[in-house]
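Throughout, protein chains are lettered first and strands after them, A, B, ... in sequence-line order, and every chain is numbered starting at 1. Just so it is clear, the model here is predicted, and its values are computed rather than measured.
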Amino acid sequence: MTGLLMQMLEGTVTSLQIFFLTLIFSLPLGFVVAKGRMTGIRIIRWITDLYIQIMRGTPLILQLIFVYFAPYYLFGASYDRFTACIIAFVINYSAYFAEIYRSGLQSIDKGQYEAAKVLGFTRSYTFFHIILPQVIKKILPALGNEVITLVKDTALAQTIGVSELFRVAQTASSRVFSTVPIFIAGVFYFVMNYIVSRLFTAGEKKLGYYR
Amino acid sequence: MKEMIRLENLSKSFSGIEVIKNISFTLTEGEVLSIIGPSGSGKSTMLRIITQLERADNGTLTVDGLTMFRSVDGKAVYSKPDELRAIGLKMGLVFQSFNLFPHLSVLRNITEAQRAVLKRDKAEAEEKAMSLLKKMGIEDKAGQYPFQLSGGQQQRVSIARALALDPEVLLFDEPTSALDPELTREILKVIRELAEEKMTMAVVTHEMHFARAISDYAIFMDNGVIAEEGAPDELFGNPKEERTRKFIASFEE
C-alpha cells in the first residue's frame with residue numbers, strides 16, 4: 001500500500017510539473033495571443049484567430065498526439081515526450097487564456113484610457129497600473145475555471161506516455177485487479193482543485209474592495 | 001492678457017462626415033469660455049482634439065504659446081511627442097462620466113498622476129490632494145473608493161484630480177450631464193468658485209443660466225460651425241441668429 005502511494009505521489013509530482021509549467025508559459029503567452037487577436041494588422045489578427053479556432057475546435061488529446069508525432073512523420077525526428085506534452089498544453093491553454101484576457105481587456109471602459117492619457121500617464125504605466133488591475137479582477141472567475149480544468153486535463157498527458165498521476169493509477173489498477181487506485185487518484189485531483197479554487201476565491205475576495 | 005488657447009481653422013471628419021468645419025477661437029488667461037449647442041454639433045469633439053484624445057484633420061492650435069499642431073498644405077501637422085506631452089500637461093479635462101479609477105482610493109486617484117507624471121514625493125502629493133479635497137468639501141472621503149461616492153462627489157474628485165497637476169487651463173466636457181439637478185448645483189458651485197479664482201476654463205455645457213452667469217465669452221455651435229459667438233449677455237439675452245434663439249428657447253420651457 002505504501003509502495004502504491006509512493007508511486008502515486010511520484011505521478012502527482014509529474015502532474016504538478018505539467019500544471020505549473022503550462023501556467024508559467026501560457027499565462028504570459030496568452031496575453032501575446034490576445035494582443036494579436038486585437039491588433040489592427042489584419043493578417044496577424046486573421047492568423048491568431050485561426051490558431052485560437054483550431055485550439056478550441058479540436059480535442060486536446062488529439063493536439064497532444066499531433067505535437068508528439070508530427071515531427072517524427074514530417075522530419076523523422078523524435079523527441080522527449082514530456083517536452084511534447086508541455087508544448088501541447090501551452091499552445092492549447094494560451095488560446096483559452098487569450099480569449100479570457102481579450103474579454104477582460106474589452107470590458108474596460110475607454111474612459112479609463114482617456115483619463116489616463118489626459119493625466120499624462122505613459123502607455124505602459126496606464127497598462128500596468130490602471131488597466132491591468134481592473135482586468136485581473138474581471139477575469140479572475142473565468143481564469144479560475146480554466147485553471148481547474150487544467151488540473152484535470154493533465155491526465156491526458158498519458159496519451160503520449162507521460163507517467164502522470166492518472167496513468168500511474170491505471171497501471172496500478174490493472175496490476176492489483178482493483179479500481180481502488182483510480183479512486184485514490186480522484187481524491188488527489190479533488191484535493192489539488194480544492195486548493196486551486198480556494199486560492200481563486202481568496203484572490204476574488206482580496207480584489208472585492210472595489211466595484 | 002496672455003492667450004492660453006488659440007485655435008485656428010480647425011476641421012475634423014469622421015469617416016467622410018465633417019463634424020467640425022473651420023472653427024477658430026481664442027481663450028485668454030483668467031477667462032471662462034462657455035460652449036453651447038445641440039448634441040452632435042461638434043462641441044465635445046473640439047474639446048477632445050484640444051486634449052489630444054482625437055486628432056485634427058486641419059488647423060492650427062497653440063496652447064500657452066506652444067504649438068500642438070499647425071496647418072501645412074491643408075493638413076494638421078503635429079509637433080513631436082515630447083512637446084505634445086508637455087502641452088497636454090498644461091490642460092486638465094473633466095469628463096461627463098468622471099472616469100475615476102475604480103481600483104484606487106479617492107486620495108490615490110488624485111496623487112497617482114502627481115507621483116507618476118510630475119514625480120512629486122508622496123507627502124507632497126498627498127498634501128496637495130488633501131487641500132484640494134478640502135476645497136471640494138469632501139476631505140472626509142479621502143480613504144473611500146469611487147463606488148462609495150455619489151455622482152456629485154465623484155465629479156468633485158475628478159475636478160480635484162485634474163487640478164492636482166496644476167494645469168494652466170481646465171476644460172469641462174458636459175460635467176453635469178450625468179448628474180441630477182441637485183448634484184448639478186454642487187458641481188456648478190465648484191466651477192463658479194474656480195472662475196472667481198481666475199482659473200482659465202472652457203466649459204461645454206447645457207446649463208444655460210450657469211453659462212451666462214460665469215463666462216466671459218460664449219460660443220454657440222451648430223452642425224460643426226460656430227453659428228454665433230460673443231459676450232454672454234448678448235448671446236443668451238439677445239441672440240442674432242434664428243437657430244441660436246431657437247436653441248436657447250428650448251431650455252426655457
Heavy-atom distances under 4.5 Å only: say whether B/Phe95 touches chain A with side chain, backbone, both or neither. side chain
Sort out for me which of B/Ser97, B/Pro146, B/Ser105, B/Ala116 touches chain A most, counting heavy-atom pairs under 4.5 Å. B/Ala116
Do the charged groups of B/Lys189 and B/Glu186 touch, with an N to O distance under 4.0 Å? no
Examine whether an atom of A/Gln134 lies under 4.5 Å from a heavy atom of chain B, and if so say whether it belongs to the side chain, the backbone or both; otherwise answer neither. side chain
Test salt bridge (Lys or Arg N to Asp or Glu O under 4.0 Å) applied to B/Glu3 and B/Arg6, step by step: CA-CA 7 Å; B/Glu3 273 176 2; B/Arg6 183 184 188 88; 2.7 Å; yes
Any side-chain donor-acceptor pair under 3.5 Å between A/Thr58 and A/Gln63? yes
Which class fits the ring pair A/Tyr125 and A/His129: parallel under 30°, tilted 30 to 60°, perpendicular over 60°? parallel
Can you establish whether the number of heavy atoms outside B/Arg120 located under 6.0 Å from its atom CZ is more than 12? yes
Is B/Arg161 in contact with chain A via its backbone, its side chain, both, or neither, using a 4.5 Å heavy-atom distance? both
Side chain from CB out, backbone as N, CA, C, O: work out which of these in B/Gln114 comes under 4.5 Å of a heavy atom of chain A, or both, or neither. neither
Any donor-acceptor N or O pair under 3.5 Å, side chains B/Ser44, B/Asp173: yes
Is it the side chain or the backbone of B/Leu93 that comes within 4.5 Å of chain A heavy atoms, both, or neither? both
Can you tell me which portion of A/Tyr209 sits under 4.5 Å from chain B's heavy atoms? Options are side chain, backbone, both or neither. both
Apply salt bridge (Lys or Arg N to Asp or Glu O under 4.0 Å) to the pair B/Lys2 and B/Asp64, showing each step before the final yes or no. CA-CA 8 Å; B/Lys2 189 157 69 158; B/Asp64 197 13; 3.2 Å; yes
Out of A/Val118, A/Thr122, A/Asp109, return the one with the most heavy atom pairs under 4.5 angstrom to chain B. A/Val118
So for B/Leu118, is it side chain, backbone, both, or neither that comes closer than 4.5 Å to the heavy atoms of chain A? neither
